Amino acid sequence: MTKRVREILSYYDSENAGVRTNLARMLNHGKLAGTGKFVILPVDQGFEHGPARSFAVNPPAYDPRYHFQLAIDAGCNAYAAPLGFLEAGVTEYAGEIPLILKLNNHDVLNDEKDPAPSVTASVRDGLRLGCAAVGLTIYPGSTQEKSMYQEAREIGEEAKAHGLPMIIWSYPRGSGVSKQGETALDVVAYAAQIAAQLGANIIKVKPPTAFIEQAEAKKAYEANKIPLEPLSERVKHVIQSAFDGRRIVIFSGGVKETDESLLNTVRGIQAGGGYGSIIGRNSFQRPKPEAIALLNKVMDIYRG
Amino acid sequence: MTKRVREILSYYDSENAGVRTNLARMLNHGKLAGTGKFVILPVDQGFEHGPARSFAVNPPAYDPRYHFQLAIDAGCNAYAAPLGFLEAGVTEYAGEIPLILKLNNHDVLNDEKDPAPSVTASVRDGLRLGCAAVGLTIYPGSTQEKSMYQEAREIGEEAKAHGLPMIIWSYPRGSGVSKQGETALDVVAYAAQIAAQLGANIIKVKPPTAFIEQAEAKKAYEANKIPLEPLSERVKHVIQSAFDGRRIVIFSGGVKETDESLLNTVRGIQAGGGYGSIIGRNSFQRPKPEAIALLNKVMDIYRG
Amino acid sequence: MTKRVREILSYYDSENAGVRTNLARMLNHGKLAGTGKFVILPVDQGFEHGPARSFAVNPPAYDPRYHFQLAIDAGCNAYAAPLGFLEAGVTEYAGEIPLILKLNNHDVLNDEKDPAPSVTASVRDGLRLGCAAVGLTIYPGSTQEKSMYQEAREIGEEAKAHGLPMIIWSYPRGSGVSKQGETALDVVAYAAQIAAQLGANIIKVKPPTAFIEQAEAKKAYEANKIPLEPLSERVKHVIQSAFDGRRIVIFSGGVKETDESLLNTVRGIQAGGGYGSIIGRNSFQRPKPEAIALLNKVMDIYRG
Amino acid sequence: MTKRVREILSYYDSENAGVRTNLARMLNHGKLAGTGKFVILPVDQGFEHGPARSFAVNPPAYDPRYHFQLAIDAGCNAYAAPLGFLEAGVTEYAGEIPLILKLNNHDVLNDEKDPAPSVTASVRDGLRLGCAAVGLTIYPGSTQEKSMYQEAREIGEEAKAHGLPMIIWSYPRGSGVSKQGETALDVVAYAAQIAAQLGANIIKVKPPTAFIEQAEAKKAYEANKIPLEPLSERVKHVIQSAFDGRRIVIFSGGVKETDESLLNTVRGIQAGGGYGSIIGRNSFQRPKPEAIALLNKVMDIYRG
Amino acid sequence: MTKRVREILSYYDSENAGVRTNLARMLNHGKLAGTGKFVILPVDQGFEHGPARSFAVNPPAYDPRYHFQLAIDAGCNAYAAPLGFLEAGVTEYAGEIPLILKLNNHDVLNDEKDPAPSVTASVRDGLRLGCAAVGLTIYPGSTQEKSMYQEAREIGEEAKAHGLPMIIWSYPRGSGVSKQGETALDVVAYAAQIAAQLGANIIKVKPPTAFIEQAEAKKAYEANKIPLEPLSERVKHVIQSAFDGRRIVIFSGGVKETDESLLNTVRGIQAGGGYGSIIGRNSFQRPKPEAIALLNKVMDIYRG
């Protein structure tokens, strides 16, 4: 085990050995094994956005087994998906890559202003499927915060007692934040802090923009001269906001973009001390060889 | 056991042997035994629409035993009904046809814009009554999504642990979708995907129309040139949207229609690779000999 | 469903539909389907007597899958085995033959005078594995009766509530009976009665001999001129002792014997109104083609 | 409701209304309805003594339905039997006569000196089968007393909480009493007291003989001039010993005897204030018309 | 994943993905990764034999962390120990080597003829500590069999439902077997069969000797000419007895012996198709460099 992995695990010294063992399984798997960096393949878009929007551009991706194979071939640290997608491929791929069961999901057939995802799988499912972690989305800023935070906490308590780390996708949204504010630096940093305070072992946020949403926050950012540019400075601020770097924070690739802009984002994350990326649509919405090539470029950046 | 049945069962290789045994029981029963195709008789309209709307046109159908006998005489793969209807006939017909207990129901005395069905029976009831599966309705697009999805998941986990497959009737409805959108191709495909992700072993949707509801989806359908005509192409797209054909998807007969239009729909389902039909009102709202004649025409189409 | 199967199911009219459905599954499977007769393949001898004594004479039988295939090829009504043997083959054979999970077992490494089998699987295992019934052994005459009867009753109550019939292997043994008495007519008839009173749906006993063990019983047999010869009369008495023929009673083939003596026993069982045979060692301790030939001769006798 | 029935029910005024309702159901059923007297048909001898000893003399009695019909035709207050016998007939006779589920049983294949019956059914079974009461045997004097008393108490607590009266068959037996002592007056009176103290609502004992077993007791009987003759005096003493007549105590007919001696015993019970008889072998071990005639003579005596 | 590992995992196709994932973790760890072979370090002798007998010869071994480091340095597939030993080192070594929690233990302060180990940890402990499996000892031949088998089965059901494989140490002992018989070929083969029937995923037995214990078994061994020499033939027979090679069976190093005799035993295990060795005292009762040298020689043999 590398010194860096040992150091990261030491941040979680109040977690039981099961949680740390599973964190180590992800940290020591794939092409970034031992570096302390992550590239995770998440595929919940079939549920979140619908199948055609997700898979029509690359039809082999309709098949649940496609994504297991992609994550394995690309050398990702882990593959994350909802219950149905995992169940439909896990027998064939058991033991080949750490799995993350996404325990809640939201769809856009009912695309409410203040969303609350549905709990769509259980910790017991995660154990039964041999997962290395479970994941949950919260929407800070939604009027439904209370139910989401409480579900996250209850499920997290159960998961961690059974040795499964909890990953929180912390995505500000709802009446409390403007559209632009969803990726504002103050809001993303705040979302990372909330997830950490809820006991998340790994936190996923969107790359922050150089915008400050909240008036009260703005005063602090100005008074303390927190730099808004470049991206690496913003990432550094988010990492600092998640317990001064003592929680693993990874960043989404966000909407489909050009390879170069995605790689630039990754360079910013790496320069700012981010722990890695979770790259869904930019991976599976193109032919597999291209996806692997792109993911390997990302991994090269994180290997430094 | 036929090669096709073995192939279908292989899609469910992460389910326990109990679930697969009960899937096999339905796949190997009736006139379509061994073909991998389904014709199921569902009779929950007494609850869903009221007794007179459902049975007055063919009064023998008020008697719960009528439907067991109809399903047996027609050679259906299974008969699906709510608790009361099953309890009222099961002793006489135990062991003669696979039964599906419909675990939730909705009525139109309270016909809310955003419906959520009531859980009206338990997994334990299903075991006690000797059922081969349990079924649930969800209404994606309703503001009540969260409670429905969570019930489906919890009940599904319990059912599958006890060896009973879960069937989800996935019927978009509620504030999130327009009336026309309830059968839009993008919406039906999305509804099939959601049911599959919730762990459904069999998914029931309505035959999709050549309409696209969601603006974001429309872009994907156009960009990827997904054909909207004929019905067989739409069915193919829905089947693809349910894990690339690796989940059993069957289609309702929908409202009462002419025999010829219903048979044309069935031809489209068959041509598009659909797994079969669930035909209620078009079966029991006519004299039994006529119903059997129609159902057998449907089965002839599925036998290819 | 045949008239005879309907008649037999009518004897179980206080059981729930699940239990009757599973009885029907066994009654309607294999070459004896519809006749009301049973030939079951039981393979628990690996546990009960040790592997070499059981399988060395026909080494392919060491493989758990061998017995599933044998039961299927021979056209048995069901295959019965302990947890390990079922788990090791069930995925390959799910849905092809009704399975009976043997819930308790005894070995001869500790071959005590007053045996009590260990509970080695659960009702939940039976559901998970897709079984059509669960089975238990009791040893009437053992000083351990109380624990065995109570386990049988508790497990039976749970099994039947979940729709699984209970089969009791009722084998007199222990301090209360002599060696010869274990198959004495009065003792076997008594053992059948006890199993029936404990709520067994199917009862397995050994073919009774023309011996009366208990002095008090002897008076009744003599006073009422109950015939001891031939075997068919003894079988008739045992069947009568199990609720006047209203419980399914099947008979073991006993120790390995010549084919002709086994077939004569079967003829006696058939002539006496027995419901069938459970034939283990005489089936799997010979090459498969010979086993199938013998089992088919047995089935021919039961088909009458 | 007669004054006498009201009076008897008043003795049970700390029991819940369910228990009292079920007592009333038995008190108000059959030819003795309203008199406060009982004649109950018990048939557990198939389990307790073996089928041939019990039924060979009158073969129709092998059929479980025979006994329901006999109890109904004779006008008994209730019919008592083990699980299997009740399950095998209850569907046909539900609602026709109050049923008592015998919750424990003992056989003579293992006929130990210090017996302890096995619990062979549950309170839940009793509710499911529509019983009016549950019954248990205890053997005061056995070294196994502790387990029996505790089972009686636990089951009784559960039964009564669910509205089912508890009947205790209190039969002294085992190392602590001589053979003659099993029916000694002091022992029978003691056995009745123990059952009453354990919370039994109805107590069944054997008719006491004019013998005193225990030396310490003998002193008391002599000092207080408790009469040992005739039977009516002994019955009076037993009734007094069961809370001064405030618990229902009924007496067995014991071994098969001449009709006249049995009727004389009944006259003694009636004269001594006993609540009635429980008559098994003297009922079902003769042709049904003769059984009905005898039972009606017994009832005539109790009607006074 | 190698072809051989895939093949072994296919034997467990009725287990859930969690169990198979954890089997894969052990099969793919250490110097034998991918070969399908195992060398496991077990250290429960502190509990089983006392600390001085276990550790005085090599005092660093008193420290629980010593054994984690030894197993890691030697490249074992896994390290097995009781609760206390695992708790005392797991934080330092989490994620570095698959752990097996030994769930029951026995000591020699109470060294009864018919032993039954105490359950000393829970499945939940195993999850909390990040273990890849749980282990249990049974003593076939002990009069305490019933409690041991039932504990194994109940714990095994819970463990496997939570994704943890069950390992059974099957060590014949007690009144039913002679001292010499504890390692007799028939007895060891029988012990392997029993463990497999109880649902064990991995079975540990002692290397069998060329002795036959049971008279009935001797007949079968002679009649079927089962060879008793050399060791490789005996190992082959034991492997066959565990579901024809479809269960992982590993062998203990037994008592401390010379390196050459131990290596010869390993050669016999390898030649007979055994899955590997579990080597405790021969590992930790010598200086670490020597232990590593010996273990590596063992691994060289298994690498073939």
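Worth saying up front: this structure is predicted, and the values here are computed from it rather than measured.
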**Student:** Measure distances from A:Ala24 to the heavy atoms of chain E and classify the residue's part below 4.5 Å as side chain, backbone, both or neither.
**Tutor:**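 Side chain of A:Ala24 only, per the 4.5 Å heavy-atom cut-off to chain E.
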**Student:** Let me confirm one number: the CG-CD distance from E:Asn16 to A:Glu87, rounded to the nearest 0.5 Å.
**Tutor:**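 These two atoms lie 11.0 Å from each other.
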**Student:** At a 4.5 Å cut-off on heavy atoms, which part of A:Arg128 comes close to chain E: side chain, backbone, both, or neither?
**Tutor:**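 Contact with chain E: backbone and side chain both.
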**Student:** Sub-4.5 Å heavy-atom contacts with chain A: which residues of residues 296-304 of chain E show up?
**Tutor:**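 Result: none.
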**Student:** May I have all residue pairs that pass ring pair (Phe, Tyr, Trp, His ring centres under 6.0 Å) and include part of residues 71-90 of chain A, sequence neighbours excluded?
**Tutor:** A:Phe55-A:Phe85, A:His67-A:Phe85, A:Phe68-A:Tyr79, A:Phe85-B:Phe243
**Student:** Heavy atoms, side chains only, cut-off 4.5 Å: are E:Arg25 and A:Thr21 in contact?
**Tutor:** yes
**Student:** Roughly how far, to the nearest 0.5 Å, is the CG atom of A:Leu127 from the NZ atom of E:Lys160?
**Tutor:**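 The CG atom of A:Leu127 is 16.0 Å from NZ of E:Lys160, to the nearest 0.5 Å.
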**Student:** Counting neighbours of CZ on A:Arg153 that are heavy atoms of other residues, nucleotides or ligands and sit closer than 6.0 Å, is the number greater than 12?
**Tutor:**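 Correct, the count exceeds 12.
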**Student:** Counting only pairs under 3.5 Å, give me each side-chain donor-acceptor contact of residues 88-95 of chain E, with atom names and distances, residues two or more places apart or in other chains.
**Tutor:**
{"unit_1": "E:Thr91", "atom_1": "OG1", "unit_2": "A:Arg20", "atom_2": "NH2", "d": "3.4"}
{"unit_1": "E:Tyr93", "atom_1": "OH", "unit_2": "E:Gln69", "atom_2": "OE1", "d": "2.8"}

**Student:** Which residues from residues 6-13 of chain E are near chain A, with near meaning under 4.5 Å between non-hydrogen atoms?
**Tutor:** E:Arg6, E:Leu9
